[in-house]
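One structure is given here, and the rest of the page talks about it.
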Amino acid sequence: MRKAILLYGGLSALIALLGGCGIGSAGTGVSAGRVSPTRNPQVALYSISEPAGASVHIAFGQTTAYGLTTWTQPAPADGGVVNMYVAGMLQNTTYHMQAVTQLADGTQVTDADHTFKTGSIKAALLPQISTTIMPGMAPQPGLELLDLVNPNERQAIVTDLAGNVVWTYPYGNSGADLPEPVEQLADGNFLIALSPQVSTNGLFAKAAINDIREVNLEGLTVHEFSIDDLNYRLAKNGFNLNVYTMHHDVLPLPSGHVIVLANTLKLFNNLPGYPGQLNVLGDVLIDLDQNWEPVWVWNSFDHLDVNRHPMNFPDWTHSNAVLYSPDDGNLLLSMRHQNWILKIDYEDGRGSGNVLWRLGKDGDFKLQGGVDPTDWFYAQHGPHFSGPSTAGNFTLAIFNNGNDRQFPAGVTCGATGAPPCTYSTAMLVQIDEAAKTATIQFNDDPIGYSVFGGNAEQLANGDLEFDMCDISQDPDLAVVYEVMPLSQPQLVWQMNIQNDWAYRAFRIPSMYPGVQW
């Protein structure tokens with residue numbers, strides 16, 4: 001059959017030419033689409049009936065040139081209505097949008113042009129953002145996903161690279177809970193761990209929300225799993241463990257399982273330097289299957305020495321990120337208060353839980369390309385794999401907060417000609433598991449100090465993006481940088497966020513996984 005493009009509302013002669021395959025005719029099985037508002041003022045719902053074997057995407061933009069697309073979704077197996085969220089639009093702006101259908105025989109069918117005007121975002125949801133692209137530089141295309149944690153209504157935010165807000169999710173916090181983290185899922189939804197703030201004694205405050213929530217682009221909750229649900233299921237499945245918070249990270253796996261980072265308390269008597277009884281807070285990893293049932297548990301108290309506590313004891317481990325290694329099925333765990341990244345024997349749920357190695361000062365690797373101990377990472381956040389390899393010989397991007405950085409004997413930090421006492425860097429570290437070497441490939445110039453939070457990730461164009469969550473020189477400022485990781489780093493793009501802390505900041509391709517804007 002001849003391939004053609006059908007324009008809904010087009011010329012009758014064109015319809016006749018194609019054998020009467022007009023709107024809603026038996027020739028195509030495609031009906032005219034409909035665009036509706038949603039409860040998110042920047043998201044539209046496009047509904048269109050599709051025949052079996054067809055697939056459809058939505059082209060949209062501020063003119064009929066469109067320019068942006070959603071992802072492509074298949075029709076139901078027997079044909080029927082496809083509902084597609086159209087997201088990534090500016091507030092108070094009129095957009096044109098049009099469904100583009102690919103029929104099973106390859107024929108392409110386009111709907112009539114529809115218009116949709118977005119609504120207003122509440123002023124309280126709009127962060128004060130400014131961005132800069134350095135002359136002659138081209139940042140990695142996409143959007144910026146921000147995880148804002150300064151207690152206010154601004155929480156999960158997506159902006160374009162000019163700093164314009166194109167999506168928000170205000171979950172209605174109680175003032176005692178924070179979104180740590182916010183992650184885009186492969187199904188287009190967002191996964192959020194809503195956990196209590198850390199209290200002044202290093203433990204966690206009581207919060208109204210302590211759960212993991214999956215939400216769609218409209219902001220509707222698809223699935224919610226609370227700390228009470230978790231404790232109930234741990235007991236039901238025979239795990240002798242009670243957890244207090246799910247915090248800082250949650251990791252969806254390719255298998256459909258989810259790794260939850262949580263913590264538990266253990267009472268000790270007369271620890272060295274701590275006479276009497278002391279409750280120590282340590283981290284656990286819990287593997288939940290597709291039905292959210294726990295099937296594997298790792299407990300830090302079973303594998304580490306409680307008497308090693310370089311920072312903020314009795315908040316002993318204070319982990320903040322979990323990575324999955326597809327190459328060997330194991331897990332990496334970033335422990336801020338140990339100044340370590342651990343590799344844990346997980347083996348896709350079959351592993352012993354043994355600590356395979358410890359990366360960082362006093363760990364199992366020799367530091368190369370830097371000064372030991374100064375150039376190790378300290379109180380780190382948000383590591384990511386850089387490149388396709390995740391085991392054997394691979395590279396990690398690490399945000400090095402540097403809170404309790406140590407210096408060689410005889411070096412007085414802050415003195416003339418000596419390094420400052422507190423500064424943060426973004427690092428690329430090459431790991432050789434066999435040789436047990438950690439080679440610094442890149443260590444950004446000390447340009448400030450982020451007391452907490454942050455992350456680092458190498459982008460598709462090779463640049464390194466990192467987030468200075470809380471700048472000590474200006475406690476109400478977060479800064480996100482994209483730099484070329486050269487011997488003399490070159491700034492490509494910068495985002496300043498006033499009156500907010502950005503726990504994490506990620507470059508995502510678009511509002512649709514696999515679609516690059």
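Heads up: numbering here begins at 1 and tracks the sequence. Small disclaimer: the values here were computed from a predicted structure and weren't measured.
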Exercise. Looking just at side-chain N and O atoms, do Asn92 and Ser120 make a donor-acceptor pair shorter than 3.5 Å?
Worked result: yes
Exercise. Thr425 and Asn443: side-chain donor and acceptor closer than 3.5 Å?
Worked result: yes
Exercise. Do Arg507 and Glu457 sit within salt-bridge range, that is, some charged N less than 4.0 Å from a carboxylate O?
Worked result: no
For this session: Say whether, by atom type as modelled, one donor and one acceptor occur between the side chain of Tyr169 and the main chain of Ile192 under 3.5 angstrom.
Result: no
Exercise. Between Asp228 and Ser226, does any side-chain donor sit less than 3.5 Å from a side-chain acceptor?
Worked result: no
Exercise. Between Asn40 and Thr38, does any side-chain donor sit less than 3.5 Å from a side-chain acceptor?
Worked result: no
Exercise. Do other residues, nucleotides or ligands put more than 12 heavy atoms under 6.0 Å from the CZ atom of Arg34?
Worked result: no
For this session: Please check if the side chain of Arg233 supplies one atom and the backbone of Trp292 the other of a donor-acceptor pair under 3.5 Å.
Result: yes
Exercise. Are Thr245 and Asn263 close enough that a side-chain donor and a side-chain acceptor fall under 3.5 Å?
Worked result: yes
Exercise. Can you tell me if Gln184 uses its side chain to pair, donor with acceptor, with the backbone of Ser510 under 3.5 Å?
Worked result: yes
Exercise. Do Asp345 and Arg350 sit within salt-bridge range, that is, some charged N less than 4.0 Å from a carboxylate O?
Worked result: no
Problem set entry | Side-chain H-bond candidate by donor/acceptor type, Asp289 with Asn291, under 3.5 Å | no
Problem set entry | Option passing side chain to side chain contact (heavy atoms under 4.5 Å, CB included) with Thr159 (candidates Asn164, Leu146, Ile497) | Leu146
Exercise. In terms of side-chain heavy atoms, does Asn330 have a donor or acceptor partner in Ser325 at a distance below 3.5 Å?
Worked result: no
For this session: Please confirm whether the backbone N or O of Ala262 pairs with a side-chain atom of Tyr244, one donor and one acceptor, at under 3.5 Å?
Result: no
Problem set entry | Ionic contact status for Glu293 with Lys236, cut-off 4.0 Å | yes
Problem set entry | Under 3.5 Å donor-acceptor, Glu50 side chain and Ala54 backbone | no
Exercise. If we ignore angles and hydrogens, is there a donor and acceptor under 3.5 Å between the side chains of Gln380 and Ser334?
Worked result: yes
Problem set entry | Between CG on residue Leu333 and CG on residue Leu323, distance to nearest 0.5 Å | 9.0 Å
Seminar exercise, completed: Tightest non-hydrogen contact, residues Arg504 and Ala321, listed as NH2-CB, 3.7 Å
Exercise. For His247, which of Asn210, Asp283, Asn320 qualifies under side-chain hydrogen bond (donor to acceptor under 3.5 Å, both in side chains)?
Worked result: Asp283
Problem set entry | Side-chain donor or acceptor of Trp296 paired with backbone N/O of Gly353 under 3.5 Å | no
Exercise. Are a donor atom and an acceptor atom from the side chains of Thr221 and Glu214 found within less than 3.5 Å of each other?
Worked result: no
For this session: With salt bridge (charged side-chain N to carboxylate O under 4.0 Å, His left out) as the test, would you mind laying out the steps for Lys343 and Glu433 before giving the verdict?
Result: CA-CA 10 Å; Lys343 185 166 190 177; Glu433 292 188 284; 2.8 Å; yes
Exercise. Would Asp500 and Gln498 count as having a side-chain donor-acceptor pair, cut-off 3.5 Å?
Worked result: no
For this session: Begin with the C-alpha distance, continue with both residues' side-chain angles, and end with the deciding distance and a verdict on side-chain contact (heavy atoms from CB on, under 4.5 Å) for Met468 and Tyr481.
Result: CA-CA 8 Å; Met468 302 277 283; Tyr481 297 98; 3.7 Å; yes
Problem set entry | Distance-only polar pair, side chains of Tyr232 and Asn237, donor-acceptor under 3.5 Å | no
Exercise. Any idea which heavy atoms bring Glu482 and Leu491 closest together, and the distance?
Worked result: O-CD1, 3.7 Å
Exercise. Judged by modelled atom types alone, do Tyr85 and Glu218 share a side-chain donor-acceptor pair under 3.5 Å?
Worked result: yes
Exercise. Which atoms form the tightest heavy-atom contact between Ala87 and Val43, and what is the distance?
Worked result: CB-CG2, 3.9 Å
Problem set entry | Ser424 to Ser450 - nearest heavy-atom pair and separation | OG-N, 2.9 Å
Problem set entry | Pair His96-Asp113, side-chain donor/acceptor within less than 3.5 Å | yes
Exercise. Shortest non-hydrogen contact from Asn461 to Pro139?
Worked result: ND2-C, 4.0 Å
Problem set entry | Residue of the set Asn400, Asp467, Asn401 for which side-chain hydrogen bond (donor to acceptor under 3.5 Å, both in side chains) holds with His381 | Asn401
